[in-house]
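Some notes on the structure that comes next.
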Amino acid sequence: MITLTGSQEKAVSHKDGPLLIIAGPGSGKTRVITSRIAALISSGVRPYNICAITFTNKAADAMRQRVLDMSLPSGTHISTFHSLCVRILRRYADRASIGSTFSIYDDADQKKCVKEAIKQADLDTKSFSPQKMRAVISRLKNNLEDVTSFQERSSEFFTKCVARIYKNYQQILTQNNALDFDDLLLKTAFLLRDNSDVRDELNNRFQYLLVDEYQDTNQAQYQIARGLSIAHGNICVTGDPDQSIYAWRGADISNILAFEKDWPEATVVKLEKNFRSTANILDLADRLIVANKQRKLKKLVPTIPPGRDIEANTLEDEQAEAEFIAENIKKLVDNGANLDEIAVFYRVNSMSRTIEEACVHNKIPYQIVRGVEFYNRKEIRDMLAYLKILVNPEDDVALTRIINTPARGIGKTSLDRMAAFARMRNSSLYDAAKQAEQIETLSKSLKAKLAMFVDMIERFKTDINGPVAELMQRVFDESKLRNSLETVAAEEAHSKASAVENVEELINSAFKYDTVTDEPNLADYLLQIALVSDTDAYDPQSGRASLMTMHAAKGLEFDNVFISGLEQGLLPHERSVDDDKGLEEERRLFFVGITRARKTLNISLARYRTVHGQTMRTIPSQFLFEADIIAEDIRQEQEQLYEDDFSQAFDYSANSTAAFSKGQAVIHAKFGSGRVKEFHDLGENSIVVVSFNTGQTKPLMLKYANLTKV
DNA sequence: CATAGCCGCCTTTTT
DNA sequence: GGCGGCTATG
């Protein structure tokens, strides 16, 4: 039997009208949401009329499971914003002026299209890098700025160029009958804004709206939530401004701060008690987060005794750190801990490898919760491109990818000729392939090859309505993709997890989809899989330790947590420290990491770390000092180190030509030119701190840095 | 048209 | 250090 606190009770039983739940970490927020769904249902609301929106698929799955566990009648819509938008857009495709069989483009597809858009605008990809332009366009879309409004707003040369790229990019997407991730939100927001009948219909369909992690909604998501509840005002949002860690993706913390202004009659419930972590852990989290100025004052109220002290340790390098973590995991297990209850967090995915190796070495079973690595594999993308073209023949990106994969003698020249033909006819590449006979520039043998290709695709197409796994198996075999992957694998027998196995894993997941879906079909499967990331594969009962980024850790909790890499440049990350906003978000990220831990928290850093092939002396994270975590240990060590450095530097530089003096202009192979800011002479371990012209300041180990004096 | 080899580019976090 | 894309060669 679960007892609710007074404020939880209030949040659960609140019925009509807007409700804002400000909930700190570990406050039982998810339980409150599910209980609220139950309360709504028992008061007579049909599950069908309830819509709950979560931040990740993983969270949606967990909530669905909880609803099941409570034996509630099914029918409640539970999904992420993106999945909900896909459903809405498919249903109202004509109203939104999009084809109902649209492809969803991810980052890599987007980048290809942006590159093409830059070329079409006669701009060079050096001054306008596809990567950057992609990010700029993404940001514009998240802020609901469409091509027209951006064009009107741009007056300077640069922004005008961006506007042209944006326009071309959007045109390319339309031609391919494709939407990118951001379009899913933007098109839905505009659909709701511009069509009162659609809005009314959806308000009637979803009479109660719940949005979790509201602090991480961006402008587009905000407008969707508002549009979906404007008629009835039955919108319940939960969030914690201190856990906002997606501003880089357009998340707007003011959405939650302004909720009471949007809905003046809103009921506000605060859940401040923490039922998760020991008082020691919460103390630390509190000490850290008070440094943030952009926040509403809030204190974590512990309900659990102090427990174990927070551990903090400095290790020699990242291998030693990983080894240290692995050994401590072993100790925990020896003392009876369950591996499911152990997690290692880091700032960037690339740090997983060292820790993974240490786990292997120490025979610790582990699972890595990665971003999108699986779906970024070449063989997976190839396979999915085959499937996409079956559903959406307009998808030129998919067709370009597979028309000669595996090699079937249709090279770049032929593709260019087809593209010219397609442009003339204003048709797709696949259409050009179909009409190959009429393309005069193509040789006879090419026409035959294209006919065979088209024939194959058309044969696959007959099976798109029905179970997916079987079709995928066929495509894999008959396209000869399997064959070509096997050949490659045979040549390099030592290759990693084989490409064939990866595709088979994909087919397995499709088989699962077939079994749990009422009317499985390829179009539906592709839309679903486009929104799935590896992160969703996290299995809370795998019997293995979990390795993940702090972003991926959002919403999870573990008895024992390790946080690694507490170093300047890493946490806070160097790309985030330019302004206070970025720094505060990094602080919140660390806050999220800390508050995942129930019982023990183990923080670590390395003195030396090799990043991108450069071994560098690290500087302990400012957060350690701010939160007064390892005051003595590290502070003493730091002071000692710097004293040693300076005295030696003084002695050494007096009679050495190798020494770098302050202000010396230098050139570095990677970072370009800069000036020496500090020089710590430690013999062969000397460190030069250089402030580069790029604006970055880096401590470099002399023996690795390969610096040239100018 | 295919292949191999080289160059240059990027590398924060994710739906 | 890894990948995609480009170029030179067969």
Side-chain angles (χ1 to χ4, degrees), chain A residues 53-60 79-86 104-108 110-112 115 125-126 129-132 134-135 138 141-142 179-186 213 216-218 220-221 244-251 345-353 369-373 375-378 381 401 404-417 443 445-446 449 496 527-536 548-554 565 569-578 582 585-586 588-590 592-593 610-614 669-670:
Chain A
I53 301 175
T54 58
F55 188 75
T56 60
N57 290 304
K58 180 178 68 189
S79 79
T80 62
F81 265 108
H82 284 84
S83 299
L84 176 65
C85 290
V86 165
I104 297 178
Y105 279 4
D106 65 9
D107 276 20
Q110 280 182 48
K111 223 169 111 183
K112 273 197 188 122
K115 200 169 176 188
T125 48
K126 291 235 166 60
S129 94
Q131 183 76 11
K132 280 221 183 73
R134 196 208 65 80
S138 176
K141 287 185 175 181
N142 285 159
L179 303 183
D180 63 21
F181 278 142
D182 307 311
D183 278 339
L184 296 175
L185 303 176
L186 176 131
E213 310 280 14
D216 282 319
T217 52
N218 60 34
Q221 289 165 324
S244 162
I245 53 175
Y246 282 90
W248 54 274
R249 212 171 79 180
F345 301 155
Y346 34 80
R347 178 61 177 84
V348 294
N349 280 306
S350 60
M351 291 169 70
S352 68
R353 206 163 121 194
V369 182
R370 274 198 199 85
V372 287
E373 201 166 289
Y375 294 95
N376 271 339
R377 286 171 199 275
K378 189 180 170 302
R381 298 191 76 95
R401 193 171 181 99
N404 203 30
T405 307
R408 45 174 75 86
I410 306 166
K412 193 182 176 305
T413 318
S414 307
L415 198 61
D416 284 347
R417 288 171 182 163
S443 72
S445 80
L446 249 306
K449 283 171 186 165
K496 342 151 194 182
L527 291 179
Q528 279 202 23
I529 201 147
L531 301 177
V532 164
S533 71
D534 299 9
T535 317
D536 305 321
M548 66 186 84
T549 64
M550 265 168 277
H551 282 91
K554 180 195 183 87
L570 207 48
L571 186 64
H573 196 275
E574 63 174 343
R575 308 267 303 235
S576 303
V577 293
D578 294 343
E585 179 145 311
E586 294 291 303
R588 290 194 295 269
L589 186 60
F590 187 28
V592 167
T610 307
V611 184
H612 311 150
Q614 293 281 331
K670 204 157 234 167

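Residue numbering restarts at 1 for every chain, and letters A, B, ... go by the order of the sequence lines. Side chains included, hydrogens not; waters and symmetry mates left out as well; all remaining heavy atoms used.
Rounded to an integer number of Å, the gap from A:Lys111 NZ to B:dC9 P is 12 Å. Straight-line distance from the CG atom of A:Asn218 to the C1' atom of B:dT14: 12 Å, rounded to whole Å. Rounded to whole Å, atom P of B:dT13 lies 11 Å from atom OH of A:Tyr246. Rounding to whole angstrom units, CG of residue A:Leu570 and C1' of B:dT13 are separated by 12 Å. For the pair A:Asn142 CG and B:dT15 C1', the computed distance is 10 Å after rounding to whole Å. A:Lys378 places its NZ atom 8 Å from the P atom of C:dG4, with the value rounded to the nearest Å. Distance NE2 (A:His551) to C1' (B:dT14): 8 Å, rounded to an integer number of Å. Straight-line distance from the CG atom of A:Asp107 to the P atom of B:dC10: 15 Å, rounded to whole Å.
Only one option out of A:Asp183, A:Asp182, A:Asn218 pairs with A:Lys141 in a side chain to side chain donor-acceptor pair (under 3.5 Å); it is A:Asp183.
The 5' end of DNA chain B is approached more closely, in terms of each residue's nearest nucleotide, by A:Glu586 than by the other of A:Glu586 and A:His82. Between A:Arg353 and A:Lys112, the residue anchored closer to the 5' end of DNA chain C is A:Arg353, taking for each the nucleotide with the nearest heavy atom.
Ion pairing of A:Arg381 with A:Asp106 is present here, as a side-chain N (NZ or NE/NH1/NH2) and a carboxylate O approach within less than 4.0 Å. A:Asp416 and A:Lys412 are joined by a salt bridge, as a carboxylate oxygen and a charged side-chain nitrogen come within less than 4.0 angstrom of each other.
Listed by chain and number, the residues in a salt bridge (charged side-chain N to carboxylate O under 4.0 Å, His left out) with A:Glu586 are A:Arg347 (sequence neighbours excluded).
Counting any heavy atom pair closer than 4.0 Å across all strands shown, A:Ser350 reaches no nucleic acid atom. At the heavy-atom level, A:Gln131 lies under 4.0 Å from the strands shown only through sugar-phosphate atoms.
Counting only distance, with no hydrogens or angles, the side chain of A:His82 and the backbone of A:Leu531 share no donor-acceptor pair below 3.5 Å. Side-chain atoms of A:Asn404 come within 3.5 Å of backbone atoms of A:Ile410 as a donor-acceptor pair (strictly under, hydrogens ignored). At distances below 3.5 Å, not a single donor-acceptor pair connects side-chain atoms of A:Ser138 with backbone N or O atoms of A:Arg134. No donor-acceptor pair closer than 3.5 Å links the side chain of A:Glu585 to the backbone N or O of A:Gly582.
The aromatic ring of A:Phe81 does not sit over the base of B:dT15, since the test of centres under 5.5 Å and planes under 30° is not met.
Closest contact between the side chain of A:Phe181 and the listed nucleotides B:dT14, B:dT12, B:dT15 involves B:dT15. Ranking C:dG5, B:dT14, B:dT12 by closeness to the A:Ser576 side chain, first place goes to B:dT12. Of the candidates B:dT15, B:dC10, B:dT12, B:dT12 carries the atom nearest the A:His573 side chain, counting heavy atoms from C-beta on.
A donor-acceptor contact under 3.5 Å is formed by the side chain of A:Arg347 with the base of B:dT13.
Here A:Thr56 does not reach the OP1 or OP2 of B:dT14: none of its side-chain N or O atoms lies under 4.0 Å away. For B:dT12, the OP1/OP2 oxygens have a side-chain nitrogen or oxygen of A:Arg575 closer than 4.0 Å. Neither OP1 nor OP2 of B:dT12 sits under 4.0 Å from any side-chain N or O of A:Asn349.
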Nucleotide N/O of nucleotides 1-5 of chain B paired with protein N/O under 3.5 Å:
residue : atom : partner  : partner atom : Å
B:dC1   : OP1  : A:Ser414 : OG           : 2.0
B:dC1   : OP2  : A:Thr413 : OG1          : 3.0
B:dA2   : OP1  : A:Gly409 : N            : 2.7
B:dA2   : OP2  : A:Asn404 : ND2          : 3.2

